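A quick write-up on the structure given underneath.
Heavy-atom basis, side chains included; hydrogens, waters and symmetry copies ignored. What you are looking at is a predicted structure, and each value in this text was computed from that prediction instead of being measured.
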Amino acid sequence: MIGSMLDVTVRSQLEAQFRAVFEGANVGIVQFDPRSVLALRVNAKLCEIWGAPESEIVGRSLAQWTPTEDAAEREALHRRLATGETMQDRFEKRYRRRDGRIIWARVNLVSQTLGDSVHATAMIEDITEEKLADVRREALINLGDRLRDLRSNSDIVAVTAEILGRTLGATRAGYGMVDLTAGLLTVAHSWSFDGQAPPARTMKLDEFPASIASLQRGEVLAVPDLGAARETLEADAKLYIARGVRAVISVPLLQRGRLVGVLYATEASPRFWTHGEVAFVREVAERAWSGLTRIEADEQQRILNRELSHRMKNTLAMVQAIASQSLRNVTDIEAAKHALAARLIALGKAHDILLTGERESAGIAAVVTSALSLHDDHQPGRFHLNGPEIVIGSKAALSLALMMHELATNAAKYGALSRSDGRVTVEWSVVPGDEDDTLHLRWTEQGGPPVVTPSTRGFGSRLIERGLAGAVGGEVSIAYEPDGLVCRVAAPLTGFQATL
């Protein structure tokens with residue numbers, strides 16, 4: 001008997017090493033017959049990438065894992081493999097996982113002939129997140145470019161919802177405006193994957209108490225499966241599901257810590273939201289909010305420009321009238337110059353009061369106080385002001401300031417302010433009426449020299465009697481009473497509060 005022995009120790013060791021590398025690799029590996037493209041061997045990582053057990057891969061055609069829409073590209077590759085061509089190629093392609101989800105992979109393919117046999121091995125790396133990250137970056141660039149050209153809130157919301165929904169591949173996406181005072185969330189424009197934009201709708205915030213509470217804290221709401229939502233979200237989840245939503249991601253928009261809007265995307269089936277997707281929705285929300293605040297700022301600027309133009313025209317007209325009247329028929333040019341300067345200073349102070357607010361209005365007490373400050377010598381009890389706080393329009397404020405200045409100037413020359421113990425009281429009140437309320441204002445002087453009715457009437461007197469009345473309507477009267485001059489004003493409150 002003739003026998004032989006072969007030491008296979010080294011071969012066994014090499015096989016064990018290969019198996020360890022094959023199974024422990026961080027990329028998917030499949031060995032297959034290049035002619036039939038039947039899988040011969042796979043590692044655990046490939047099963048993870050394709051989401052299928054080994055039994056559903058080995059012994060079956062690899063063609064089943066390529067999407068139907070990529071069939072032409074797949075067939076061209078398989079024909080090359082079937083010829084026995086030696087290949088070493090690197091490319092990117094799509095696969096359809098067992099659960100139907102499409103993924104992107106980077107493939108290193110090696111096919112070689114060993115004797116009469118042809119062997120092929122493919123190393124597959126899941127690069128889906130890389131691809132999606134590129135898509136999201138392009139979407140953000142596109143969003144920024146489009147938002148720059150938009151000029152209305154509705155356009156910004158519509159474009160944002162469309163780009164968000166398409167990029168995420170979501171069922172729906174949209175933006176909701178939050179009114180915490182009214183307890184409402186209004187979705188005026190949204191996007192749907194089927195092209196059927198849902199109609200505008202308004203929902204009560206108390207329908208989704210847990211969700212709104214989370215958003216008010218500035219938290220992103222990312223729920224992969226509302227059917228398995230935790231207890232704190234259970235009540236909200238039932239309503240979401242009833243409306244065809246199984247997964248939701250919502251990002252709050254806060255203004256000075258107050259919830260003013262919500263950007264959201266929803267899915268009709270469960271979906272895990274990745275960290276990259278959450279970050280993407282945050283970025284979209286920030287850019288949309290920047291666009292909305294820009295539109296608001298532009299609109300405010302247009303309003304301010306119109307108000308400024310209107311105010312300047314009124315002011316210039318008033319300055320022209322004051323200068324013309326102050327210098328008409330003057331005999332003492334220096335006195336006229338001082339009177340004109342004082343009146344313009346009073347006008348300027350009234351403008352200062354108006355400019356401290358956001359609108360063309362001011363409090364009546366502030367206007368009177370500012371106008372009298374030029375004549376305040378800080379004597380105790382010199383001026384006494386009394387009346388409710390009333391906001392008046394710019395035209396009334398300027399005319400009232402000039403009127404107060406003229407009254408104080410006359411009082412300093414001839415009346416109560418010409419003596420150290422003289423005093424002036426300015427009082428106002430509102431009397432309700434059937435059609436319109438009436439504002440009553442009274443200037444009263446006491447402690448001055450004996451009152452004498454002037455023989456002539458200058459521009460100052462006409463300004464007192466006609467200036468304010470012409471601006472707000474009503475009547476202005478001056479009485480030279482024994483105790484001191486009294487000026488009374490009675491005019492519609494609406495006239496005082498008008499901004500035009």
Side-chain angles (χ1 to χ4, degrees), residues 15 18-114 116-135 166-171 193-194 224-225 246-247 267-274 276-277:
E15 175 65 22
F18 173 78
R19 189 182 303 112
V21 172
F22 185 84
E23 293 297 335
N26 198 34
V27 295
I29 304 176
V30 56
Q31 293 180 325
F32 62 97
D33 181 343
R35 293 189 174 91
S36 64
V37 291
L38 294 179
L40 304 175
R41 187 177 184 182
V42 298
N43 68 349
K45 185 63 176 180
L46 185 70
C47 294
E48 177 188 329
I49 291 173
W50 285 351
E54 182 179 343
S55 61
E56 293 187 13
I57 303 175
V58 174
R60 302 187 184 187
S61 173
L62 296 180
Q64 66 176 319
W65 303 104
T66 300
T68 304
E69 52 268 33
D70 296 346
E73 182 181 350
R74 177 198 66 205
E75 291 298 331
L77 177 62
H78 288 182
R79 282 195 296 270
R80 291 178 60 194
L81 289 167
T83 63
E85 176 186 346
T86 298
M87 295 176 59
Q88 187 169 349
D89 204 356
R90 178 185 174 94
F91 52 89
E92 295 178 356
K93 74 181 300 291
R94 301 194 308 167
Y95 290 106
R96 186 184 299 278
R97 284 169 45 95
R98 183 171 182 266
D99 59 11
R101 184 163 62 89
I102 301 296
I103 63 171
W104 275 95
R106 185 177 295 115
V107 181
N108 283 301
L109 176 63
V110 178
S111 177
Q112 57 186 344
T113 301
L114 297 176
D116 295 332
S117 302
V118 182
H119 299 269
T121 300
M123 290 172 284
I124 300 172
E125 179 185 2
D126 187 349
I127 60 169
T128 305
E129 191 54 37
E130 290 181 26
K131 283 286 187 180
L132 292 178
D134 290 340
V135 170
R166 290 191 186 281
T167 305
L168 291 179
T171 304
F193 78 101
D194 57 8
D225 185 2
R246 282 297 299 270
E267 278 285 359
S269 56
R271 169 176 177 170
F272 175 75
W273 305 102
T274 67
E277 288 171 333

Open item on the list: Name the residue from E92, K93, R90 that meets the side chain to side chain contact (heavy atoms under 4.5 Å, CB included) definition with V107.
Closed with: K93

Task: Any donor-acceptor pair under 3.5 Å from N43 side chain to I29 backbone - done: yes

Task: Value rounded to 0.5 Å, distance of OG1 in T66 from CG in L77 - done: 8.5 Å

Task: Test salt bridge (charged side-chain N to carboxylate O under 4.0 Å, His left out) applied to R98 - qualifying residues, sequence neighbours left out - done: E56

Open item on the list: Let me confirm one number: the CH2-CD1 distance from W65 to I49, rounded to the nearest 0.5 Å.
Closed with: 12.0 Å

Open item on the list: For R246 and D225: C-alpha separation, side-chain torsions, deciding distance, then whether side-chain contact (heavy atoms from CB on, under 4.5 Å) applies.
Closed with: CA-CA 6 Å; R246 282 297 299 270; D225 185 2; 2.6 Å; yes

Open item on the list: Would you compute the distance between atom CG of L62 and atom CD1 of I124 and round it to the nearest 0.5 angstrom?
Closed with: 7.5 Å

TODO: Taking all non-hydrogen atoms of both residues into account, name the closest pair between F32 and V37 and its distance.
DONE: CD1-CA, 4.0 Å

Open item on the list: Can you tell me how far apart CD1 (I57) and CG (L38) are? Round to the nearest 0.5 Å.
Closed with: 13.5 Å

Task: Interatomic spacing from CE in M87 to CG in L109 - rounded to 0.5 Å - done: 5.0 Å

Task: Between CD on residue E75 and NE2 on residue H78, distance to nearest 0.5 Å - done: 7.0 Å

TODO: Might you point out which heavy atoms bring R94 and P67 nearest each other, and give the distance in Å?
DONE: O-CD, 3.4 Å

- [ ] Taking all non-hydrogen atoms of both residues into account, name the closest pair between K45 and N26 and its distance.
- [x] CE-O, 3.4 Å

Task: T274 side chain to E277 backbone, donor-acceptor under 3.5 Å - done: yes

Task: Shortest non-hydrogen contact from A39 toward V30 - done: CB-CG2, 4.1 Å

Task: Side-chain donor or acceptor of S111 paired with backbone N/O of L81 under 3.5 Å - done: no

Task: Chi angles and distances behind the salt bridge (Lys or Arg N to Asp or Glu O under 4.0 Å) call for E69, R96 - done: CA-CA 11 Å; E69 52 268 33; R96 186 184 299 278; 3.7 Å; yes

Task: Minimal non-hydrogen separation, S269 against A247, with atom names - done: O-CB, 3.7 Å

Task: For the student: nearest non-hydrogen atoms of E54 and V42, plus distance - done: CG-CG2, 3.7 Å

Task: Short side-chain donor-acceptor distance under 3.5 Å, T86 and Q112 - done: no

